[in-house]
Amino acid sequence: MGLFRALKTNARRALAGSWGRAIGIMLISVIPGVLINLLEYGIREVSGVSEFVNRSGTGNAFRAAANIAPASIAITLLVSLLVFFIMTPLQQGIIRWYYRRTGGERDGVTGIFHYFETAAGYFRALWLNFLIGLRMLLWTLLLTVPLVLLTGLLSVAGGAGRATRTFAMLLMFVWMVIACVVIVIVGLRYFLAPYLLAEHPDYKARAVIREGVKLVRGYKGSVFLFALSFILWYLPSLLAALLVLFIPFSDPFYLFQVTGLLLLLMLAQLGICFYLVPYQSASLAMYARYLIQTGESGGVDEYGDSTREYKPEIDRYLEAQASRAPAEEPPAPRPGGEETGGSGPEGEASV
């Protein structure tokens with residue numbers, strides 16, 4: 001059995017008896033985002049501040065920063081802070097729930113609120129995700145500067161020949177591809193950090209990031225392919241995207257038919273997600289456990305053997321459950337009616 005298949009199989013085994021909890025966690029995770037969006041909508045309705053205010057009358061509110069009202073910026077910042085301070089510890093708690101589940105722990109649904117229980121845990125989860133987000137932002141900015149320069153070159157070349165403009169556009173496309181690849185690689189460097197915080201809750205955020213980068217070294221490509229192996233589960237969404245991109249919506253006949261088809265595809269994807277989200281989350285947690293356990297043990301098991309097949313923690317848990325001895329049966333009576341070890345007055349009296 002290949003590693004990917006083994007990880008997914010063990011992920012399903014880890015979720016046995018807890019699919020209802022996992023679906024409940026998925027639904028609970030959506031509620032804060034919905035409430036925050038409703039709050040933003042209410043604030044904008046009461047204050048009369050729309051999301052964008054086009055003062056220049058250009059028809060495009062994005063052409064100048066002055067077109068965005070300061071009050072709208074303040075509301076957006078407030079909502080972003082709420083999302084960060086509420087959703088970040090919640091998402092970290094969900095990651096912890098799945099990680100512990102792959103180790104045989106049977107936490108209740110309330111386990112996802114673990115990082116709200118203490119101030120130390122709450123701020124550690126915030127700080128870890130802030131540091132990861134900051135690193136991702138700096139890498140993005142670093143990769144965006146050349147793209148901005150290429151965009152300027154393209155605008156300058158507007159009056160130039162066709163060959164110059166084509167060359168500038170080709171450079172932009174190539175750099176965008178390179179930037180996307182680099183961003184994916186950088187993101188994979190921090191894949192293990194949230195799981196390491198669940199494994200070692202007393203670790204500092206910087207130590208978690210350093211350890212995660214070290215343990216995932218040499219496995220980033222494998223992690224990417226593992227995540228990509230779930231892509232067929234998103235087939236309805238992919239088909240919907242292709243319809244939006246390639247089907248003309250100007251014709252009312254096409255619009256009616258395609259809208260109905262899009263609705264069916266979205267409903268199908270929603271139904272799939274009730275199985276896919278727990279399954280994929282548990283599978284990623286199982287892979288993280290595999291990398292952490294094999295990395296921290298130096299690639300050997302508890303017996304010092306590096307050639308044995310990796311045994312996930314959920315296997316050990318299930319084997320321990322199955323190997324528990326049943327309750328001892330009373331000893332069989334000896335011939336003549338004596339109980340085993342029944343010497344003494346009682347034994348003699350029973351003869």
Side-chain angles (χ1 to χ4, degrees), residues 3 7 10-11 14-15 18 21-22 25 29 84-136 186-220 222-223 226-227 280-304 306 308 310-318 320:
L3 176 62
L7 291 170
N10 281 286
L15 286 173
S18 293
R21 294 178 184 178
I25 287 171
S29 67
F84 178 71
F85 284 113
I86 295 176
M87 296 301 296
T88 300
L90 180 62
Q91 290 300 323
Q92 181 63 40
I94 293 173
I95 288 174
R96 176 182 178 272
W97 189 89
Y98 278 104
Y99 185 79
R100 285 171 57 83
R101 187 69 206 167
T102 59
E105 302 292 338
R106 293 184 175 273
D107 295 345
V109 174
T110 56
I112 65 175
F113 302 107
H114 171 78
Y115 292 98
F116 291 95
E117 294 176 359
T118 63
Y122 176 78
F123 287 109
R124 187 170 286 123
L126 287 180
W127 185 237
L128 172 64
N129 285 273
F130 174 78
L131 290 177
I132 294 174
L134 180 62
R135 284 166 167 76
M136 294 295 297
V186 171
L188 291 172
R189 293 179 76 229
Y190 307 117
F191 164 69
L192 286 181
Y195 298 100
L196 274 168
L197 183 61
E199 176 71 21
H200 303 291
D202 296 329
Y203 276 23
K204 301 295 184 182
R206 294 181 186 275
V208 166
I209 291 175
R210 285 195 302 269
E211 183 71 9
V213 171
K214 182 181 74 172
L215 293 179
V216 84
R217 188 175 296 126
Y219 291 95
K220 288 188 284 291
S222 180
V223 173
F226 184 67
Q280 186 174 13
S281 299
S283 298
L284 291 173
M286 187 66 74
Y287 201 175
R289 181 173 290 277
Y290 163 75
L291 293 176
I292 292 171
Q293 290 183 352
T294 55
E296 292 184 344
S297 64
V300 298
D301 62 13
E302 66 269 29
Y303 303 102
S306 60
R308 296 192 182 198
Y310 169 72
K311 179 173 291 187
E313 196 66 27
I314 189 64
D315 278 1
R316 304 180 192 276
Y317 168 77
L318 292 173

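Under the 4.5 Å side-chain criterion, counting only non-hydrogen atoms from C-beta, Val208 is not in contact with His200. Counting only heavy atoms from C-beta outward, the side chains of Lys214 and Arg210 never approach each other to under 4.5 Å. Arg106 places a side-chain heavy atom less than 4.5 Å from the side chain of Arg101. Here the side chains of Ser281 and Ile94 are not in contact, with every heavy-atom distance at 4.5 Å or above. In this structure, the side chains of Tyr195 and Arg289 stay at 4.5 Å or more apart for every pair of heavy atoms. Considering only heavy atoms from C-beta on, Leu196 comes within 4.5 Å of Glu296 through its side chain. Here the side chains of Ile132 and Ile209 are in contact, with some heavy-atom distance below 4.5 Å. Annotation: side chain of Trp127 is in contact with side chain of Arg206 (closest heavy-atom distance under 4.5 Å).
Here the closest heavy-atom approach between residue Pro194 and residue Leu128 is recorded as CA-CD2, 4.1 Å. Leu131 and Ala205 get closest at one heavy-atom pair: CD1-CB, 4.0 Å. Closest approach of Pro89 and Tyr122 over heavy atoms only: CG-CE1, 3.3 Å. Taking all atoms of both residues into account, the shortest heavy-atom contact from Gln92 to Ala198 is NE2-N, 4.4 Å. Smallest separation of non-hydrogen atoms from Val216 and Leu192: N-CD1, 4.0 Å. Between Ala282 and Thr102, the closest heavy-atom pair is O-CG2, 3.7 Å.
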Go through the steps to decide whether Leu188 and Tyr219 satisfy the test side chain to side chain contact (heavy atoms under 4.5 Å, CB included), and finish with yes or no.
CA-CA 9 Å; Leu188 291 172; Tyr219 291 95; over 6 Å; no
Run the numbers on Arg217 and Val213 for side chain to side chain contact (heavy atoms under 4.5 Å, CB included), then give the verdict.
CA-CA 6 Å; Arg217 188 175 296 126; Val213 171; 4.2 Å; yes
Output, in order, the C-alpha distance, side-chain angles, deciding distance and verdict of side chain to side chain contact (heavy atoms under 4.5 Å, CB included) for Phe123 and Leu126.
CA-CA 5 Å; Phe123 287 109; Leu126 287 180; 4.1 Å; yes
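Taking a 6.0 Å sphere around OH of Tyr203, one finds it holds 12 or fewer heavy atoms contributed by other residues, nucleotides or ligands.
Using modelled atom types, one side-chain atom of Ser297 and one backbone atom of Thr294 make a donor-acceptor pair closer than 3.5 Å. Judged purely by atom type and a 3.5 angstrom limit, Trp97 has no side-chain atom pairing as donor or acceptor with the backbone of Thr110. Remark: the backbone N or O of Asp107 is paired with a side-chain donor or acceptor of Arg21 at under 3.5 angstrom.
Gln280 meets the side-chain contact (heavy atoms from CB on, under 4.5 Å) test with Phe230, Tyr234, Leu276, Leu284; sequence neighbours excluded.
To the nearest 0.5 Å, atoms CG (Leu3) and OH (Tyr290) are separated by 5.0 Å.
With a 6.0 Å cutoff to the six-membered ring centre and a 45° limit on the axis angle, Arg124 does not count as a cation-pi contact of Tyr115.
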